[in-house]
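One structure is given below, encoded as structure tokens.
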Amino acid sequence: MTASIAERLQRVQERIRAAAEACGRDAGSVRLVAVTKTFGPDALREAVAAGATDIGENYIQEAREKFDALGALPVRRHFIGHLQSNKAKHAVALFDLIHTVDSVKLGRELDRCARRSGKRQAVLVQVNVAGESSKSGVAPDEALPLVHELAALEHLSVAGLMTMPPFFNDPERVRPFFSALRQLRDRIQAKAPAGISLRELSMGMTGDFEAAIAEGATLVRIGTAIFGERS
Ligand SMILES: *Cc1c(COP(=O)(O)O)cnc(C)c1O
């Protein structure tokens, strides 16, 4: 018997609560982003009915088709995939929080689109903590200047940092990268322009979210543990 989405979601929520409590954090300070890429509208609807408040998508076109099929749903929508400037307009139209800003050029384009649609777009800066050539994100050294550039854009609101660390089977080996992102956030916050609050740390997936919570994650992005393996 395979568990239903509702059962798996509940189990993940319990694990999040336990991980937060184990390190003395309020469970309410960690938000679960249910990652729905490759799964259809029915899976998404089922997760929302079971209590998912936040969903994450990686591809603009796929998200657009799914959101159209679903109509109005009471969820916060997160974009967690790689974003090209020429898709900025769609990202602004579809998403409450964009986790993956990694250039001034993209930031400026998002700002321009947000201005046109009368919106203030919340964004995170994606950091490539391990300097892997296969991954997007700015180098840790470039994060502070980028935060400054983005903070100056009137229609963007920079809310924190996101990372995709290297993959290891053992979450304890990933943990130093989560710790590095938190420390980077603290250093940038200390030098950030007035009014900027980098409260969000988007880090942790199915294999390592408990370690991420121990290191201060506020947004964990979880797909497989809720929806099963992606084909
Ligand atoms: C797919 C994806 C996830 C979810 O990964 P799981 O291991 O299935 O939980 C999280 N973050 C990003 C950026 C992703 O692309």
Side-chain angles (χ1 to χ4, degrees), residues 2-16 19 30-40 43-44 46-48 50 52-64 66 75-84 87 91 94-103 106 122-130 132-138 143 159-175 177-178 180-181 200-231:
T2 54
S4 67
I5 289 174
E7 285 164 337
R8 284 192 294 228
L9 178 74
Q10 197 184 345
R11 226 170 281 158
V12 168
Q13 284 166 331
E14 280 161 12
R15 284 172 62 190
I16 290 173
V30 185
R31 220 168 338 135
L32 167 61
V33 178
V35 175
T36 45
K37 65 168 173 254
T38 77
F39 293 96
L44 212 155
E46 197 176 331
V48 173
T53 57
D54 293 74
I55 53 155
E57 287 281 346
N58 287 63
Y59 307 101
I60 295 288
Q61 182 63 24
E62 181 188 336
R64 192 146 58 139
K66 237 178 270 183
V75 281
R76 278 181 293 261
R77 293 154 200 241
H78 300 253
F79 187 74
I80 62 171
H82 180 63
L83 185 59
Q84 280 160 344
K87 302 265 176 68
L94 292 168
F95 292 98
D96 299 297
L97 179 62
I98 297 170
H99 291 223
T100 50
V101 176
D102 62 359
S103 71
L106 175 59
V123 300
L124 307 180
V125 167
Q126 181 175 0
V127 182
N128 186 348
V129 278
E132 294 170 281
S133 57
S134 61
K135 294 213 172 121
S136 331
V138 293
L161 305 181
M162 176 271 204
T163 198
M164 285 274 279
F167 177 80
F168 293 105
N169 280 317
D170 175 5
E172 282 305 309
R173 294 190 63 190
V174 193
R175 193 163 161 167
F177 298 100
F178 295 142
L181 192 74
E200 305 288 3
L201 283 175
S202 169
M203 56 189 197
M205 312 182 1
T206 290
D208 53 24
F209 68 88
E210 280 131 332
I213 290 169
E215 293 297 339
T218 62
L219 292 163
V220 290
R221 311 176 307 262
I222 300 176
T224 308
I226 301 169
F227 299 102
E229 295 289 341
R230 288 179 291 273
S231 45

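The structure presented is a predicted model; accordingly, all values stated were derived computationally and were not measured. As the structure lists them, so they are numbered: ligands from 1, and atoms in each ligand from 1.
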Atom pairs and distances, donor-acceptor, side-chain atoms in residues 220-231, under 3.5 Å, two or more places apart:
residue: R221; atom: NH1; partner: T163; partner atom: O; Å: 3.4
residue: R221; atom: NH1; partner: S202; partner atom: O; Å: 3.0
residue: R221; atom: NH1; partner: S202; partner atom: OG; Å: 2.9
residue: R221; atom: NH2; partner: T163; partner atom: O; Å: 3.1

With sequence neighbours excluded, residues passing salt bridge (charged side-chain N to carboxylate O under 4.0 Å, His left out) with E7 = none

Could you list the residues that satisfy salt bridge (charged side-chain N to carboxylate O under 4.0 Å, His left out) with E200, not counting sequence neighbours?
-> R31

Identify the protein atoms, limited to N or O, that lie within less than 3.5 Å of an N or O atom of ligand 1, and list each pair with its distance to 0.1 Å.
residue: ligand 1; atom: 8 (O); partner: T224; partner atom: N; Å: 2.8
residue: ligand 1; atom: 8 (O); partner: T224; partner atom: OG1; Å: 2.5
residue: ligand 1; atom: 8 (O); partner: R230; partner atom: NH1; Å: 2.8
residue: ligand 1; atom: 8 (O); partner: R230; partner atom: NH2; Å: 3.1
residue: ligand 1; atom: 9 (O); partner: T206; partner atom: N; Å: 3.0
residue: ligand 1; atom: 9 (O); partner: T206; partner atom: OG1; Å: 2.5
residue: ligand 1; atom: 9 (O); partner: G223; partner atom: N; Å: 2.8
residue: ligand 1; atom: 11 (N); partner: R221; partner atom: NE; Å: 2.9
residue: ligand 1; atom: 15 (O); partner: K37; partner atom: NZ; Å: 2.7
residue: ligand 1; atom: 15 (O); partner: N58; partner atom: ND2; Å: 2.7

Decide, yes or no, whether a salt bridge links K37 with E62 under the criterion of side-chain N to carboxylate O below 4.0 Å.
-> no

Any chance you could lay out the side chain to side chain contact (heavy atoms under 4.5 Å, CB included) test for L44 and E57, step after step, and finish with the verdict?
-> CA-CA 11 Å; L44 212 155; E57 287 281 346; 3.9 Å; yes

Do you know which of N58, D54, T100 makes side-chain hydrogen bond (donor to acceptor under 3.5 Å, both in side chains) with H78?
-> D54

